[in-house]
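This report refers to the structure that appears directly beneath it.
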There are 2 protein chains.
Amino acid sequence: MIDVARRAGVGLGTVSRVVNGGHGVRDETAQRVRTAIEQLGFQRNEVARALRPGKKSSSLALVLGDLTNPFFATIAKASLEVAGQSGFAVVLGSVDEDPEGEKRAIQELVSRQVAGLMIVPDQGDHAFLVGAGVPVVFVDRPATGIEADIVMVDNEGGGKLATDHLLEQGHERIAILLAPSYYTTGRRLRGYRRAHRGAGLEVDESLVVQLPEGNAESAEKATRELMLRPDPPTAIFASTNFLTEGVLRALGELGLEPAVVGFDDFRLADMLPTPVTVVASDIAELGRSAARLLLDRASGADRRPPQRIVLPCALIQRGSGERPPSASKRKPR
Amino acid sequence: MIDVARRAGVGLGTVSRVVNGGHGVRDETAQRVRTAIEQLGFQRNEVARALRPGKKSSSLALVLGDLTNPFFATIAKASLEVAGQSGFAVVLGSVDEDPEGEKRAIQELVSRQVAGLMIVPDQGDHAFLVGAGVPVVFVDRPATGIEADIVMVDNEGGGKLATDHLLEQGHERIAILLAPSYYTTGRRLRGYRRAHRGAGLEVDESLVVQLPEGNAESAEKATRELMLRPDPPTAIFASTNFLTEGVLRALGELGLEPAVVGFDDFRLADMLPTPVTVVASDIAELGRSAARLLLDRASGADRRPPQRIVLPCALIQRGSGERPPSASKRKPR
DNA sequence: TTGAAAGCGCTAACAG
DNA sequence: CTGTTAGCGCTTTCAA
């Protein structure tokens with residue numbers, strides 16, 4: 001930058017002013033500076049820029065679990081787009097491990113002076129973020145120990161939607177598969193219960209299956225056990241995209257066809273032997289909202305108390321969720 | 001940091017030394033410093049650290065297209081893991097647009113003083129990176145205008161593998177669907193041609209389909225047209241995961257069952273009505289290798305001339321690729 | 001409108 | 001071994 005100043009025969013401050021919008025600089029001078037910048041191929045050093053006290057870097061951090069899960073990937077992509085439009089980069093935090101790992105990753109990112117954090121929180125207390133002086137937006141699920149913005153989907157409503165739909169088909173024995181202790185899981189279960197209550201039905205607690213892990217394998221195993229019971233359910237509500245996959249895999253092997261509704265849409269859901277009915281929401285919007293909110297917080301444009309944005313869910317009927325209770329017998333062939 | 005120094009009653013330099021491994025500091029002093037750090041909750045400011053001349057930040061940049069494509073997501077995740085293990089963060093570049101957008105994104109990242117760049121390049125010249133003074137590793141496809149490390153899969157070999165397999169089933173009219181002008185696309189086509197040559201067969205150029213876009217819709221449309229010709233192929237080689245999806249969608253609607261082999265494995269490929277045979281490679285390893293290589297370049301540990309890492313492809317037989325030519329008639333029901 | 005100068009938090013070179 | 005000091009590239013007063 002100092003080179004540019006010399007080249008243009010102006011002071012350092014002037015160059016800085018031009019680079020930052022050029023207010024309070026005579027047009028002619030500004031032009032001269034711009035020419036010098038051009039000639040020298042100068043590019044502002046964002047790092048030095050962010051060194052200024054108070055000033056944060058023009059990057060947001062995104063901390064999430066498994067990018068390989070289309071759900072997270074969609075959030076990442078969407079937030080990336082919004083951030084990019086405002087000239088912000090997104091730094092990714094790798095967190096596939098323990099909650100300790102998440103904390104470490106977050107602190108790493110904070111030490112990089114990011115302008116804000118978007119976090120899809122795992123369990124664990126996030127109180128350590130309180131004094132960090134960085135705006136935080138939680139995505140998909142709230143965190144404990146800290147008041148902050150949160151963008152999520154209507155999990156309870158979605159759970160009710162799915163369950164109501166199955167109840168309407170006449171199902172009375174509806175199993176629900178739950179990934180371990182996610183916040184979302186609890187809300188979806190609550191919707192499930194509420195639907196039953198609304199229909200005047202008692203929930204058979206043996207049909208509420210808490211899985212040890214949130215992956216497809218775990219769901220597959222549980223489904224197999226579930227369907228081989230003496231009194232199997234006639235319908236299954238899989239509360240997560242990966243769980244849905246496991247359920248379908250088990251059913252395929254077993255040759256059984258209870259009704260199935262999944263939570264969260266997924267690629268190829270409509271191309272499986274029986275197209276899969278799901279409760280879906282606009283995941284990309286989740287990411288977009290989070291990024292927008294965070295950007296506004298970071299710039300100081302938004303000083304409202306912590307917001308809570310809840311996106312609606314919708315039922316997408318494709319076939320698997322419309323099977324009547326009688327279909328859950330052994331498959332023809 | 002200055003607070004820490006005061007608190008511990010030592011000089012600034014000493015604190016710095018402790019923070020950076022503590023070589024050349026008496027144990028007792030170091031301990032005192034560590035205590036102070038603990039008490040003050042001090043965290044090194046990575047930004048200031050990276051300001052040092054020559055020193056780069058402890059972040060790598062990853063520039064790729066659509067994170068929503070599991071292929072890219074897998075690369076991102078894998079490189080994130082490797083980088084994270086070395087204490088590096090990964091900054092993501094959003095590039096879903098024109099090659100101009102890619103250039104802009106890359107320069108943005110360079111201005112953030114990243115220690116290295118991993119780029120899944122789109123078309124367009126990358127010569128502008130030559131003088132950037134940042135190590136670059138290209139992923140999945142090489143770029144023009146610059147000599148740099150490249151990590152990719154054996155596209156030609158994979159293309160040959162897929163085609164050979166279909167030829168072995170007795171197919172003689174094998175269509176190949178190609179996404180527009182990707183480098184990879186050309187290599188896969190080359191493998192396709194080589195396989196034909198090896199079998200002493202002439203390629204019917206009307207079966208080499210260049211799609212206008214690389215998405216599923218485009219492939220779906222093309223497949224429909226292809227299969228409704230008077231002389232349809234008895235097998236289709238879809239050179240990309242999204243293309244494979246489009247092909248299957250079209251075939252499902254048409255009720256036709258030519259043999260199908262896809263390039264790149266994808267989730268649920270084994271659960272579709274006819275499980276899909278694919279040529280697959282270890283995508284995660286692609287990301288891991290890229291990150292490792294870049295890290296070594298960035299640290300100066302690796303001074304070899306530009307490397308070229310090629311990962312092998314393997315055929316995964318699942319059914320769709322093992323149909324005989326005779327199966328391509330209209331489906332029973 | 002512009003130039004000069006004071007740092008931002010840290011590392012590295014140099015004395016002590 | 002340890003304290004001091006000079007910047008890194010930029011923004012931002014403060015004068016001129």
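First the proteins, then the strands, lettered A, B, ... as listed; each starts at 1. Worth knowing before you read on, the calculation uses all heavy atoms, side chains too, and leaves out hydrogens, waters and symmetry mates.
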Could you check which of [options] has an atom nearest any side-chain atom of [X]?
| X | options | result |
| --- | --- | --- |
| Thr14(A) | dT2(D), dT11(D), dG3(C) | dG3(C) |
| Leu12(A) | dT11(C), dG9(C), dT11(D) | dT11(D) |
| Leu51(B) | dC14(C), dG9(C), dC10(D) | dG9(C) |
| Thr29(A) | dT11(C), dT1(C), dG3(D) | dT1(C) |

ask   = Is there a donor-acceptor contact under 3.5 Å linking the side chains of Arg44(B) and Ser16(B)?
value =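 Looking only at side-chain atoms, Ser16(B) and Arg44(B) do not form any donor-acceptor pair under 3.5 Å.
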inquiry  = Does either side chain, that of Ser58(A) or that of Arg49(A), offer a donor lying less than 3.5 Å from an acceptor on the other one?
reply    = no
Indicate, with a heavy-atom threshold strictly under 4.0 Å, whether [X] touches base, sugar-phosphate, or nothing.
| X | value |
| --- | --- |
| Val10(A) | sugar-phosphate |
| Val15(A) | nothing |
| Gly9(A) | sugar-phosphate |

Could you tell me the separation between the [atom1] atom of [X] and the [atom2] atom of [N], rounded to a whole number of Å?
| X | N | atom1 | atom2 | answer |
| --- | --- | --- | --- | --- |
| Ile2(A) | dC8(D) | CD1 | P | 8 Å |
| Asp3(A) | dC10(D) | CG | P | 9 Å |
| His23(B) | dT11(C) | NE2 | P | 14 Å |
| Glu46(A) | dT11(D) | CD | C1' | 13 Å |
| Arg6(A) | dC10(D) | CZ | P | 13 Å |
| Asn45(A) | dC8(C) | CG | C1' | 13 Å |

OP1, OP2 of [N] versus side-chain N and O of [X]: anything below 4.0 Å?
| X | N | value |
| --- | --- | --- |
| Asn20(A) | dT11(D) | yes |
| Arg49(A) | dT11(D) | yes |
| Ser16(A) | dC10(D) | no |

Give a yes or no on whether a donor-acceptor pair under 3.5 Å exists between the nucleobase atoms of [N], that is its base, and the side chain of [X].
| X | N | value |
| --- | --- | --- |
| Arg44(A) | dG9(D) | no |
| Arg17(A) | dG3(C) | yes |
| Arg52(B) | dG7(D) | yes |

ask   = Can you check whether Val90(B) reaches Val91(A) side chain to side chain, under 4.5 Å on heavy atoms?
value =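 Counting from C-beta outward, Val90(B) and Val91(A) never come under 4.5 Å.
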key: Rounded distance [0.5 Å steps], CD1 in Ile119(B) versus CD in Glu102(B)   =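 Between atom CD1 of Ile119(B) and atom CD of Glu102(B) there are 6.5 Å.
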task = Among Ile146(A), Leu117(A), Val63(A), Val151(A), find the residue that satisfies the side chain to side chain contact (heavy atoms under 4.5 Å, CB included) test when tested with Phe138(A).
result = Ile146(A)
